[in-house]
Amino acid sequence: MKVAPGGVVIMENQPKRWRPAQQAYDVLFPGQLVVTQGETYVYSSTVQTNAALRGHPLLQGIPGTVNSAYSHPLDTSWFPPGSTSPRSIEELQPTKMYTGAFRSWSRGWLPLLHTEDRRNPVLLVKTEGLGLWIVSTMFLASSNVADLMESLVVGARSHSNAIHHFHDAQERKRRVRTVVSVAGVLALGTCLFLLLQSGVLTSTIPYGERRRCGR
């Protein structure tokens with residue numbers, strides 16, 4: 001599946017019992033994304049923006065901390081009677097902004113929003129040609145954060161060129177960091193090799209004479 005030029009595809013949380021289901025993300029992005037799994041139920045009504053990527057066009061005007069603006073009574077039912085398990089209803093947590101998070105992601109994805117404790121991202125963005133993928137473990141519609149939704153839906157299209165330039169710049173920075181790291185390792189290895197070849201390291205190691213102990 002490809003994104004049409006100028007198009008934006010937004011993927012909300014794809015859960016099974018409120019935990020993100022890996023199989024659902026693999027349908028569109030096999031081998032690219034890994035979500036948290038297991039019985040632990042991780043959720044919050046707050047997300048944090050990625051301070052390292054604050055210059056991203058989609059984060060302009062978005063505060064560092066974003067809170068759910070769920071607008072319905074907390075006892076409002078999300079499901080018709082008898083349509084789901086009691087456990088799903090018990091763990092509903094209607095004000096949540098996300099459940100679970102991404103553990104890893106492949107090159108090209110940029111993590112824009114993180115969990116409340118900033119440990120893992122809950123929203124990733126990737127360009128494809130002139131289109132844009134936005135993938136999350138979030139419940140964007142129910143959390144009702146108008147500024148964030150407007151940025152993701154309207155801003156993504158109106159600032160498509162700026163978004164692509166930003167992603168291209170981040171990729172160039174990544175390549176530079178990689179080259180610098182490789183060059184540093186090679187330089188260190190070369191220095192150690194030359195020192196060993198010259199005998200400097202071994203010739204300066206002190207070998208003391210054995211002393212006799214007497215009474």
Could you pull out the closest heavy-atom pair between [X] and [Y], with the gap in Å?
X      : Y      : result
Pro20  : Tyr25  : CB-CE1, 4.0 Å
Phe79  : Ser77  : O-OG, 2.7 Å
Val145 : Asn67  : CG2-O, 3.4 Å
Ala101 : Val122 : CB-CG1, 4.0 Å

(Q) Once salt bridge (Lys or Arg N to Asp or Glu O under 4.0 Å) is applied, what residue pairs with a partner in residues 6-19 remain, sequence neighbours excluded? (A)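 Passing the test, one end in residues 6-19: Arg17-Glu39, Arg19-Glu91.
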Q. Does any N or O in the side chain of Arg103 come within less than 3.5 Å of the main-chain N or O of Leu33, such that one atom is a donor and the other an acceptor?
A.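 Side chain of Arg103 to backbone of Leu33, a donor-acceptor pair under 3.5 Å: no, none is there.
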Q. Are Lys96 and Trp18 close enough, and set up right, to give a side chain to side chain contact (heavy atoms under 4.5 Å, CB included), and what steps lead you there?
A. CA-CA 10 Å; Lys96 64 184 176 294; Trp18 303 120; 3.7 Å; yes
Q) What pairs of residues pass the ring-ring contact (aromatic ring centres under 6.0 Å, His included) test when at least one of them lies in residues 140-181, not counting sequence neighbours? A)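 Passing the test, one end in residues 140-181: His56-Phe166, His56-His167.
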Are side-chain heavy atoms of [X] and [Y] found at a separation under 4.5 Å?
X      : Y      : result
Val135 : Gln32  : no
Leu58  : Leu132 : yes
Val125 : Ile134 : yes

Q: Walk me through it: do Thr95 and Ser45 pass the test side-chain hydrogen bond (donor to acceptor under 3.5 Å, both in side chains)?
A: CA-CA 6 Å; Thr95 64; Ser45 299; 2.8 Å; yes
(Q) Determine whether Asn120 and Phe102 satisfy the following criterion, side chain to side chain contact (heavy atoms under 4.5 Å, CB included), listing intermediate values before the conclusion. (A) CA-CA 6 Å; Asn120 297 93; Phe102 294 100; 5.9 Å; no
Q: Measure the acute angle between the ring planes of Tyr41 and Tyr43, then classify it against the limits of 30° and 60° as parallel, tilted or perpendicular.
A: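 Tilted, since the angle between the ring planes falls between 30° and 60°.
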(Q) With side chain to side chain contact (heavy atoms under 4.5 Å, CB included) as the criterion, how do Phe29 and Trp105 come out once you've worked through the C-alpha distance, each side chain's angles and the decisive distance to 0.1 Å? (A) CA-CA 10 Å; Phe29 313 106; Trp105 52 97; over 6 Å; no
Q | Step-by-step side chain to side chain contact (heavy atoms under 4.5 Å, CB included) determination, Gln14 to Leu28 | A | CA-CA 12 Å; Gln14 303 298 307; Leu28 292 180; over 6 Å; no
